[in-house]
Protein chains: 2
Amino acid sequence: MDYKKIDKKDIDFLISVCGKERVLVDDEINEDFSHDELAGIKRYPDVLVEVRSTEEVSKIMKYAYENNIPVTPRGQGTGLVGGAVALHGGIMINLSTMNRILELDEENLTVTVEPGVLLMEISKFVEEHDLFYPPDPGEKSATIGGNINTNAGGMRAVKYGVTRDYIRGLEVVLPNGEVIEVGGKVVKNSSGYSLKDLFVGSEGTLGIVTKAVLRLLPLPKKAISLLIPFPNLEMAIETVPRIIKSKAIPTAVEYMVRDVILASEEFLGKKFPDNSADAYLLLTFDGNSKEEIENAYEKVAHICLDAGALDVLISNTEERQESIWSARGAFLEAIKASTTEMDECDVVVPRNRVAEFVKFTNDLQKEFDIRIRSFGHAGDGNLHVYVLKDDLSEEEWKEKLSGVFKAMYDKAEELGGQVSGEHGIGFAKKPYLEKSLGNLRMQLLKNIKQSFDPKNILNPGKVC
Amino acid sequence: MDYKKIDKKDIDFLISVCGKERVLVDDEINEDFSHDELAGIKRYPDVLVEVRSTEEVSKIMKYAYENNIPVTPRGQGTGLVGGAVALHGGIMINLSTMNRILELDEENLTVTVEPGVLLMEISKFVEEHDLFYPPDPGEKSATIGGNINTNAGGMRAVKYGVTRDYIRGLEVVLPNGEVIEVGGKVVKNSSGYSLKDLFVGSEGTLGIVTKAVLRLLPLPKKAISLLIPFPNLEMAIETVPRIIKSKAIPTAVEYMVRDVILASEEFLGKKFPDNSADAYLLLTFDGNSKEEIENAYEKVAHICLDAGALDVLISNTEERQESIWSARGAFLEAIKASTTEMDECDVVVPRNRVAEFVKFTNDLQKEFDIRIRSFGHAGDGNLHVYVLKDDLSEEEWKEKLSGVFKAMYDKAEELGGQVSGEHGIGFAKKPYLEKSLGNLRMQLLKNIKQSFDPKNILNPGKVC
């Protein structure tokens, strides 16, 4: 790809749009903007621009399009697959400075936000109004823009679905700088191909989301968590399809193992309510009355005990739930802190295949003599499997990692799974996506990219 | 468009794929296949093929692609916008003969079906297993393939969302005859642009759906309907945003007026439980216990009475609910039977704008001196407005219809609405879609169509 190299004229243009203090070059660009949380690739943009409005984004894209300059949109940089790294340099647009909550519409149950609003700010804001934004990814300091672009899922997908299900409408700046709206405050829509659903999950490669209308629900009045210790992980996970089959509707079903819990205790300096068992299921139920929730979880508690659970620990106080879920939220960071380097596999498989997949990854530890840790969403089949470098040499690490990853993605495909459940493809998972989709489907993706971004200037080198 | 005209060689090829008895020409083609339920356009295909397998569809498409023959996929022909009419002749593929339920997977809560299975067959089948397919369009004898292609919504969208939300995976035959799978039995997916969501709602213009994996929920144990008479329609509809704002979660909120109820009584030869009031709201609540449902609807009943409702009639027996909902299901046919010809507008507006839109259409009756009837989904903002010809001359009808339609679509746009909530664009609503989306977005749609179907042979003349 033959892009124009950024020069003083370009910088002057950006300053004319955003002012000097929001256009950063050279040493002014913080090291954080050269990478994301994990993907193991590093590259600085030539210039970093902090935008404040759709108009600014539009002007910048128009200029970049006319001048053939690559543009990388970025939120909080919490991604794990290199989606927000400026692989080809050029302009990075920092959208985390477009972070206003624009409107709460209680008659239509929507909240309209700019892309830089953080997930935790959205929950806090809507819950103060007794409303609920269900998607609940572990990383609460991610921006909603990033969540939309990866179609993030989170813990509550079992009952409530994923980010896509809560996007009513978007404002998007196209690669050529034009601004369009897709969807709206409407509950139904059959008006041509769903551009909205194409932008959701497109990882900033088709357009830059500058506004989003999110669908809200009434806030459930009560929630309860069950922490259920099992003698081993397989017994724990094999119970999940029985729970689903029993027609209970848990909000979340997570699995975790003792090693990861211990790492999290150390990382947070806080005790987990129980760490005596090898493996745990963590379930949540929500609803509008104590009775409704009790009816739902009692059946599930019996299923777990019948399946060999050691106990059922009920957390019905806010403090206790907080201590469990804050530990759960710290798993990624805790595992990261326990090793020198790591890489992640975020496959999703049908939920009755999770046990088989987890057993397979355990066997890989022995086969490749490498440490592998996992936790994840047992209730929706989305696993987060971390391969750890520890004290391996760079060469050994590269070789083993590649072998383990190949084995895992092949296995996921064999089980009817997909390459990514919620973290996206970015740059790091492209080879696995290509293998999983094959030429035919990859060509359709490339055609779509080509028709939205014929000059390939928007987030080039990602997805396809 | 310069398509090849069907000749004997083509017919012979089709017979070689499907056998003589499933390849129909000339008088063998029933008149039904020349039109749909409403769109006012009539054209016979040159040949009608009843397919039984994906392989047959693939062979036919490959042949059509190589020979530049237009192909129109068709289900039960219950559409209202001409989506399944063979505008350019050529081959019509009748998918209603691919109608097997292939698999119920209770561990993953999915049912896998061929496209020709009827909506009523799916509900019956899954409910026998205590499971629930939530989308509930009025037309129960539509095929699931048609529902997927229009992203049909139905009554329960208020609580449960639309068809898109229940499609986990699809098998699709592309215009060149290649077969791909998109999505799968997975709950989450962030593996490249969502081709699945592009096919959903694409009205058979991007590919032919030959298999679908549908997401199911546990069947709610109880449901109750409230029929709530109001002195007039505006009072009824203005109550809906208050219900939504109260954080109640009804399953469905429909509105209806006395005229339409009387037409339905006459059409069905069955009495509606009450026809004394000018206007009604019909609400449903579902849940797993009597208490849960009672808690939910009591609050709503009070809101309605405070807002001037004349009464609240509770239907908690199956017979009573059946009598109400069968009347609701017959509204379209009843209105159709009451006039000589009609056309429909299926706009969707934000739910707090429904009252304004309905008032606007009432005023249009006087302004244009024409009969207009409407009913619809007050809870999700999707209206079905019928303009009736009665004894107008062909010329007057055309002129008035065009004026009324223009006024309605302009008004919907002004209110932040969309051209179609659930019936799609087909051929009949193309001018309104073009106006509503404008050049920029229409061009994106056309680019997508072009990249999937470069020869424009699959359902040409529809959507864009």
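The figures that follow rest on heavy atoms only: side chains count, while hydrogens, waters and symmetry mates do not. Here is how names work: the chains are called A, B, and so on, in the same order as the sequence lines, proteins then strands, and each is numbered from 1.
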Novice: Where on B/Ser202 is there a heavy atom nearer than 4.5 Å to chain A: the side chain, the backbone, both, or neither?
Specialist: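 Both backbone and side chain of B/Ser202 come within 4.5 Å of chain A.
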Novice: Which answer fits B/Ile243, side chain, backbone, both or neither, if we ask what part of it has an atom under 4.5 Å from a heavy atom of chain A?
Specialist: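 Neither part, no heavy atoms under 4.5 Å.
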Novice: Is it the side chain or the backbone of B/Val349 that comes within 4.5 Å of chain A heavy atoms, both, or neither?
Specialist: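 For B/Val349, the backbone is the part near chain A, not the side chain.
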Novice: Locate the shortest heavy-atom distance separating A/Lys188 from B/Val348; write the atom from each residue and the value.
Specialist: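 Heavy atoms only, the tightest pair is O-CG1, 3.2 Å.
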Novice: Looking at B/Gly421, is its backbone amide N or carbonyl O close enough to the side chain of A/Ser190 to form a donor-acceptor pair, meaning the two atoms are under 3.5 Å apart?
Specialist: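 Judged by distance alone, yes, a pair lies under 3.5 Å.
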Novice: Name the region of B/Ile244, side chain, backbone, both or neither, that has any atom closer than 4.5 Å to a heavy atom of chain A.
Specialist: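 Contact with chain A is through both the backbone and side chain of B/Ile244.
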Novice: Given that the side chain runs from C-beta out, which part of B/Asn288 has a heavy atom under 4.5 Å from chain A: side chain, backbone, both or neither?
Specialist: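 Neither part, no heavy atoms under 4.5 Å.
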Novice: Sort B/Arg353 into side chain, backbone, both or neither according to what part of it lies under 4.5 angstrom from a heavy atom of chain A.
Specialist: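 Neither part; nothing is under 4.5 Å.
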Novice: Ignoring hydrogens and geometry beyond distance, is a side-chain donor-acceptor pair present between A/Tyr432 and B/Ser191 at under 3.5 Å?
Specialist: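 No, because no side-chain N or O of A/Tyr432 sits under 3.5 Å from a partner of the opposite role on B/Ser191.
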Novice: May I have all residue pairs that pass side chain to side chain donor-acceptor pair (under 3.5 Å) and include part of residues 160-171 of chain A, sequence neighbours excluded?
Specialist: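 Qualifying pairs, neighbours excluded: A/Thr54-A/Glu171, A/Tyr160-A/Asp286, A/Arg164-A/Asp197, A/Arg164-B/Asp197, A/Glu171-A/Thr210.
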Novice: Which answer fits B/Asp105, side chain, backbone, both or neither, if we ask what part of it has an atom under 4.5 Å from a heavy atom of chain A?
Specialist: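 Contact with chain A is through the side chain of B/Asp105 alone.
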Novice: With sequence neighbours left out, write down each residue that passes ring-ring contact (aromatic ring centres under 6.0 Å, His included) with B/Phe427, or none if nothing qualifies.
Specialist: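 Result, ring-ring contact (aromatic ring centres under 6.0 Å, His included) vs B/Phe427: none returned.
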